[in-house]
Structures are given as C-alpha cells and as structure tokens.
Protein chains: 2
Amino acid sequence: MMKIGELSKVVGCSVQTIRHYEKEQLIASAERSEGNFRLYDEAAVEQLLFIKHCRSLDLSLPEIRQLLALNRSPGAQCDDVNRMMDRHIEQVEARIQELTKLNKQLRMLRRSCSNRRTVEQCGILRNLSATPVSSG
Amino acid sequence: MMKIGELSKVVGCSVQTIRHYEKEQLIASAERSEGNFRLYDEAAVEQLLFIKHCRSLDLSLPEIRQLLALNRSPGAQCDDVNRMMDRHIEQVEARIQELTKLNKQLRMLRRSCSNRRTVEQCGILRNLSATPVSSG
DNA sequence: ATAAACTGTATAGCAACTATAGAGTCAATC
DNA sequence: GATTGACTCTATAGTTGCTATACAGTTTAT
C-alpha cells in the first residue's frame with residue numbers, strides 16, 4: 001500500500017489531481033491509515049492510468065466516469081462506448097475546422113501590417129475596427 | 001444615448017457580457033442616468049464591435065485590453081501588435097496540430113470496436129486500459 | 001395604481017485542475 | 001524527548017470568459 005505522494009509519482013499526475021478525482025467520484029474513496037492518510041494499491045494505479053489515458057484523448061471527466069461504469073458491467077453491450085467515441089471524434093473534428101478557419105483569418109489580418117509602422121497606420125488595428133472579415 | 005439592453009441588441013452580445021467587459025476594464029465605466037442606468041453612445045458601439053471582432057479571432061481579454069491601449073496611442077510603433085498576432089497565430093497552429101494528432105488516435109481507437117459487442121470484448125475499453133497509444 | 005419589462009449589484013456555476021493557508025502526521029536526527 | 005523536514009489533511013480561492021440566478025430598484029405602459 002502506498003501513500004498519495006508515491007501514487008502521484010508512479011502514475012505521473014499531481015497529488016491534488018488524485019484528490020480531485022476522488023472528490024469527483026472517478027476513483028473510489030481510498031482506505032485510510034491510522035493517521036488518516038490515503039492508502040492505495042495496484043488496482044488504484046491501473047485505474048488512474050486508465051483515467052490519464054482517457055484525459056490524454058481529451059475525454060471529459062463525466063465521459064470517463066461513464067466509461068468506468070461500463071467497464072464495471074462487462075456483460076453490457078458496448079454501443080454506448082462507441083456512441084461516445086463517435087460524438088467525441090465529431091467534436092474534435094469540428095474544433096479543428098473552426099481553428100483552421102480562424103487561422104486563415106489571422107494570417108490574412110497579420111499580412112495587413114508589416115513592422116515599423118505606427119499604430120495609426122497599422123493595418124491590423126484598422127481591420128479589427130472594421131466589419132469582421134468574411135469567412136471566405 | 002441608449003441603455004444597456006439596446007446596446008446589447010445593436011452589437012449582438014448579452015447584457016451581462018457588456019457589464020462583464022466594464023468590470024474587466026475593456027470598456028470605460030459608462031455614464032449613468034438619474035436612476036443609475038448605464039448610458040452609451042456610438043463610440044461605445046464601435047468599441048464593443050472591435051472587442052467582438054477580436055473575440056471572434058479568439059484573442060483573450062488581456063490581449064484585447066492591450067490592443068485597445070495601443071489604439072489610444074496612435075503615434076506608437078505597432079511592433080507590439082505584430083508580436084501579439086504572431087504569438088497568437090503560433091498558439092492556434094499548435095492547437096490544430098495537437099487536435100489533429102488526437103483525432104488520429106481517436107479514430108484508431110474507434111476502429112478497434114464495432115457495435116454489438118459486449119463491454120468485455122470491447123476493443124476500445126481494452127485499449128484504454130493498456131498503455132497509451134504511441135504518437136506515430 | 002399596478003403590472004410588465006428593464007436595470008442594478010452581488011454571487012455562484014462551468015471544466016479541470018492548480019495554488020495556497022493552516023493544521024496534523026511521521027521518520028529521522030540531536 | 002524535542003525538533004526538524006517531508007509529507008499529508010481539509011478547505012478555499014484562482015484560472016477563463018462568460019452565463020445564470022436572486023433580489024431589489026426603475027421605467028414605461030395600461
């Protein structure tokens with residue numbers, strides 16, 4: 001059994017994050033030592049790694065909670081998992097599209113000013129004051 | 001002179017947002033009527049549109065505050081504006097790269113499970129329990 | 001006079017942590 | 001046995017850019 005500091009090093013996330021996950025019910029309340037310190041076993045390590053992996057894929061804490069729940073009922077159909085992943089992929093792709101469009105607008109705006117001008121002549125500021133650039 | 005509700009309709013942002021911008025010092029404290037209502041003129045409309053345009057480009061409120069300050073000193077060099085834009089563009093492009101990588105991983109993961117399996121057989125959950133997918 | 005619509009301030013909530021304060025616990029050293 | 005240092009505990013505030021709510025006051029229309 002290890003204390004929270006060791007667990008934090010093993011899985012590579014901060015002590016506060018672990019306590020946060022406990023409060024958010026992503027991991028069960030840990031056993032406590034006589035002195036009220038949290039105690040963890042190998043199962044806790046695995047679960048935290050699972051969560052960490054999900055987070056690296058930008059899954060939200062509620063989504064992860066749902067996955068963990070599904071994981072606990074192995075006989076259930078996994079359609080829910082698939083639906084969640086599909087929705088998540090859609091969101092990521094939508095965000096990429098948004099940012100790509102944004103990037104074009106920013107580059108266009110940036111081209112409207114070279115250095116060494118005064119603010120008064122600055123094409124960027126002038127353009128920002130005008131009507132928003134069209135999306136084309 | 002118009003009240004905050006009218007301004008909100010004219011520029012297309014919520015009343016709370018306008019009050020929020022005032023608190024954050026993006027716009028000056030508005031004049032008040034006898035009954036303590038905020039009163040705005042055309043200049044306020046223009047400034048809010050400027051802010052709205054910047055926000056549509058995902059500039060942060062501190063960045064916008066800085067641009068507004070520069071706008072007020074028209075003789076200054078606009079290098080700062082250019083630097084800010086460059087940094088911002090870099091950030092957006094970095095985020096696009098991150099999300100693109102993420103998207104690949106998610107799609108790979110999604111392919112590991114088709115519908116109608118049980119959770120126990122679900123490739124997604126199995127993969128999430130394993131070591132994080134490599135970036136390649 | 002009254003009701004509806006608007007405005008005011010203050011406060012909490014979102015997401016997923018991070019940082020801080022102040023107190024208690026534990027192991028090692030003097 | 002006292003002290004030091006490293007660790008842990010809880011509770012709370014801060015991050016970002018709003019949004020939503022509660023409750024009170026103002027204005028406008030009927």
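Chain naming here is simple, since letters A, B, ... match the order of the sequence lines and numbering starts at 1 in each.
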- prompt: With sequence neighbours excluded, what pairs up with E120(A) under the salt bridge (charged side-chain N to carboxylate O under 4.0 Å, His left out) test?
  reply: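 E120(A) satisfies salt bridge (charged side-chain N to carboxylate O under 4.0 Å, His left out) with no other residue.
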With R111(A) via salt bridge (charged side-chain N to carboxylate O under 4.0 Å, His left out) - residues at least two apart: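 Partners of R111(A) under the salt bridge (charged side-chain N to carboxylate O under 4.0 Å, His left out) test: none.
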- request: If a protein heavy atom is under 4.0 Å from the base, mark B; if only from the sugar-phosphate, S; if neither, -; do that for nucleotides 1-18 of chain D going 5' to 3'.
  value: -------SBB------BB
query: Going by number, which of residues 81-99 of chain A have a non-hydrogen atom under 4.0 Å from DNA chain C?
result: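 None - not one residue of the stretch has a heavy atom sitting under 4.0 Å from the strand.
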message: For E93(A), give me all partners under side chain to side chain contact (heavy atoms under 4.5 Å, CB included), at least two apart in sequence or on another chain.
response: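 Only I89(A), N103(B), R107(B) meet the side chain to side chain contact (heavy atoms under 4.5 Å, CB included) criterion with E93(A).
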field: Counterpart residues, side chain to side chain contact (heavy atoms under 4.5 Å, CB included), relative to V10(A) (two or more places apart)
entry: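 Expected list: M2(A), E6(A), V45(A).
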Interface limits on DNA chain C, where chain A has a heavy atom under 4.0 Å of a nucleotide atom: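 Result: dA16(C) to dC26(C).
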List for me each residue that meets side-chain hydrogen bond (donor to acceptor under 3.5 Å, both in side chains) alongside [X], sequence neighbours excluded, and say none if there are none.
| X | answer |
| --- | --- |
| S8(B) | none |
| S14(B) | T17(B) |
| Q66(A) | none |

- request: Write out all pairs satisfying salt bridge (Lys or Arg N to Asp or Glu O under 4.0 Å) with one or both partners inside residues 61-87 of chain A, taking only residues at least two apart or from two chains.
  value: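 Listed once each, the pairs are D79(A)-R116(B), D80(A)-R83(A), D86(A)-R110(B).
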message: With a 6.0 Å cut-off (strictly less than), is the heavy-atom count around CD of Q97(A), excluding the residue itself, greater than 12?
response: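 Counting neighbours around CD of Q97(A), 12 or fewer heavy atoms of other residues, nucleotides or ligands fall under 6.0 Å, so no.
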field: CD/Q25(B): more than 12 non-hydrogen atoms of other groups inside 6.0 Å
entry: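 Open: at most 12 neighbouring heavy atoms sit under 6.0 Å from CD of Q25(B).
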task: Determine the sole option in E22(A), M1(A), K3(A) for which the side chain to side chain contact (heavy atoms under 4.5 Å, CB included) test with R38(A) is passed.
output: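 Among the candidates, only E22(A) passes.
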- prompt: How bent is the helix from dA1(C)-dT30(D) to dC30(C)-dG1(D), comparing axes over its five end pairs at each side, to the nearest 10°?
  reply: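 Taking five pairs per end, the axes differ by 40°.
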field: N-O pairing of K101(A) and D58(B) below 4.0 Å
entry: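 Salt bridge flag = no for D58(B) with K101(A).
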